[in-house]
Amino acid sequence: MTRLGEEPAVAPQVEQLQRRLGYVFKRSALLLEALTHRSAAYQNAGGRRRGQKAKGAGSNERLEFMGDRVLGLLMAEWLLERFPEEQEGALGSRLAHLVSRTTLVDVAERLDIATSLTVAVHEARVGVQATASVVADAMEAVLGAVFLDGGLDPARKIVRAAWKPLLDAQAKPPKDPKTALQEWVLGRGQALPVYKTIGADGPSHAPLFVVEVQAGGQRAEGRAGSKRAAESAAAASLLEELGKTRHG
């Protein structure tokens, strides 16, 4: 039992994750929060009742929000160092790929994030802790927790260690997702993608845009701090789905 003022006990699998990260939390509660799926937070609270906190409270969603910004900043800093001759377009393409859901899942799988996640019993039965969206969100949440616990330096070390193989593999900037999606549909004689902003939230200094794209008979969403980045994220997500449909 954890007494008032004490740090909660850390499960063995969470301790192992800290070793894989190369960082030991001073406030282990932050890491535990980063590894708590909203279903588990909801279950632990006994379901929503009148006057209860909003759904998602106690889960890793707030830390995911922070981690998304931390990853973007640290990756932009690193790209400027690694590619001093490249301009915004090329750097933006590299960045979009390196912070994409696909890449986050890759990194999360190598760090074995899924085995440390806490999800509701009924969600665990269907393996939700191993789904792409859940592990990608958890990866961002862990970075957000590291930043809040120790600042940018430890977060930077984790990012540069975990993402190095992926960055080293980028001999050339990957094609911008919007351009790639446009070429995909035109190559099949289909109509051009249609982008629509379906949401905008957050303060003026840190907005969050949600953009939907429709193409190839399917649709997908992207979220980012600018409309342009959200469109790229949506295009990347739709390309991934179209690829699954084509090869499924």
Just to verify, which of Leu31, Leu32, Val142, Leu17 counts as forming a side-chain contact (heavy atoms from CB on, under 4.5 Å) with Ser116? Leu17
May I ask you to test the Val99-Leu104 pair for a side-chain heavy-atom distance under 4.5 Å? no
In Å, rounded to the nearest 0.5 Å, how long is the span from CD of Glu33 to CZ of Arg27? 10.0 Å
For Pro174 and Ser93, the nearest pair of non-hydrogen atoms, with its separation, is O-CB, 3.0 Å
Between Ser28 (side chain) and Phe25 (backbone), is there a donor-acceptor pair under 3.5 Å? no
Salt bridge check, Glu183 against Lys175: does any charged N sit closer than 4.0 Å to a carboxylate O? yes
Interatomic distance, CD@Glu85 vs CG@Leu91, rounded to 0.5 Å, equals 11.0 Å
Chi angles and distances behind the side-chain contact (heavy atoms from CB on, under 4.5 Å) call for Gln214, Gln218: CA-CA 6 Å; Gln214 297 184 40; Gln218 296 193 45; over 6 Å; no
Is there side-chain contact between Leu35 and Asn60, with heavy atoms separated by less than 4.5 Å? no
Would Leu181 and Ile198 show up in the same hydrophobic cluster when neighbours are defined by side-chain heavy atoms closer than 4.5 Å? no
Residue pair His37, Ser59: steps toward the side-chain contact (heavy atoms from CB on, under 4.5 Å) verdict: CA-CA 5 Å; His37 185 251; Ser59 74; over 6 Å; no
Tyr23-Leu152 co-clustered via ILVMFWY side chain contacts under 4.5 Å: yes
Considering all heavy atoms of both residues, which atom of Ala215 and which atom of Leu242 are nearest to each other, and what is their separation? O-CD2, 4.3 Å
Output yes when a side-chain donor or acceptor of Ser100 lies under 3.5 Å from a complementary backbone atom of His97, and no otherwise. yes
What residues form a side-chain contact (heavy atoms from CB on, under 4.5 Å) with Gln190, not counting sequence neighbours? Trp184, Val185, Arg188
Exercise: identify the closest heavy-atom pair between Leu117 and Ala138: CD2-CB, 3.6 Å
Between Lys227 and Tyr195, is NZ or CZ placed under 6.0 angstrom from the six-membered ring centre and within 45° of the ring axis? no
Report the C-alpha distance between Ile158 and Arg20 in whole Å, list the side-chain angles of each, state the deciding distance to 0.1 Å, and finish with yes or no for side-chain contact (heavy atoms from CB on, under 4.5 Å). CA-CA 10 Å; Ile158 291 170; Arg20 291 193 295 274; over 6 Å; no
Using the six-membered ring of Phe209, assess whether NZ or CZ of Arg223 lies under 6.0 Å from its centre and within 45 degrees of the ring axis. no
Linking I/L/V/M/F/W/Y whenever their side-chain heavy atoms sit closer than 4.5 Å, directly or via other members, would Val159 and Val24 fall into one cluster? no
Report yes if some heavy atom in the side chain of Leu143 is under 4.5 Å from a heavy atom in the side chain of Glu140; otherwise report no. no
Exam field: side chain Ser39 to backbone Ala120, donor-acceptor pair closer than 3.5 Å: yes
Heavy-atom count around Arg110 CZ within 6.0 Å, excluding the residue itself: above 12? yes
Measuring only between side-chain heavy atoms, which start at C-beta, is Gln170 closer than 4.5 Å to Leu167? yes
Separation between CG of Leu111 and CZ of Arg19, rounded to the nearest 0.5 Å: 13.5 Å
Can you tell me if Asp149 uses its side chain to pair, donor with acceptor, with the backbone of Lys26 under 3.5 Å? yes
Validation row: Arg219, Val213 side chains within 4.5 angstrom (heavy atoms): no
Would you mind reporting whether Phe83 and Arg94 have side-chain heavy atoms less than 4.5 Å apart? yes
Value rounded to 0.5 Å, distance of CD in Glu212 from OG in Ser237: 11.0 Å
Side-chain contact test, heavy atoms from C-beta onward, threshold under 4.5 Å: evaluate it for Thr197 versus Val210 and give yes or no. no
Answer whether the closest heavy-atom distance between the side chains of Val211 and Glu221 falls below 4.5 Å. no
Does Arg160 form a salt bridge (Lys or Arg N to Asp or Glu O under 4.0 Å) with Glu81? I'd like the steps, not just the answer. CA-CA 12 Å; Arg160 296 199 177 195; Glu81 292 178 13; 3.1 Å; yes
How long is the span from the CE atom in Met75 to the CZ atom in Arg156, to the nearest 0.5 Å? 12.0 Å
Is there a side chain to side chain donor-acceptor pair (under 3.5 Å) between Gln16 and Gln18? Walk through the geometry before answering. CA-CA 5 Å; Gln16 292 165 12; Gln18 289 185 109; over 6 Å; no
What pair of heavy atoms forms the shortest contact from Leu63 to Ala34, and how long is it? CD1-N, 3.6 Å
dist Leu239:CG -> Gln182:CD (nearest 0.5 Å) comes out at 11.5 Å
Taking all heavy atoms of Ala234 and all of Ala220, pick out the closest pair and write down the distance. O-CB, 3.9 Å
If you measure only the distance, is there a donor-acceptor pair under 3.5 Å linking the side chains of Thr103 and Asp106? no
Salt bridge (Lys or Arg N to Asp or Glu O under 4.0 Å) between Arg38 and Asp137, worked out: CA-CA 11 Å; Arg38 69 182 303 168; Asp137 291 348; over 6 Å; no
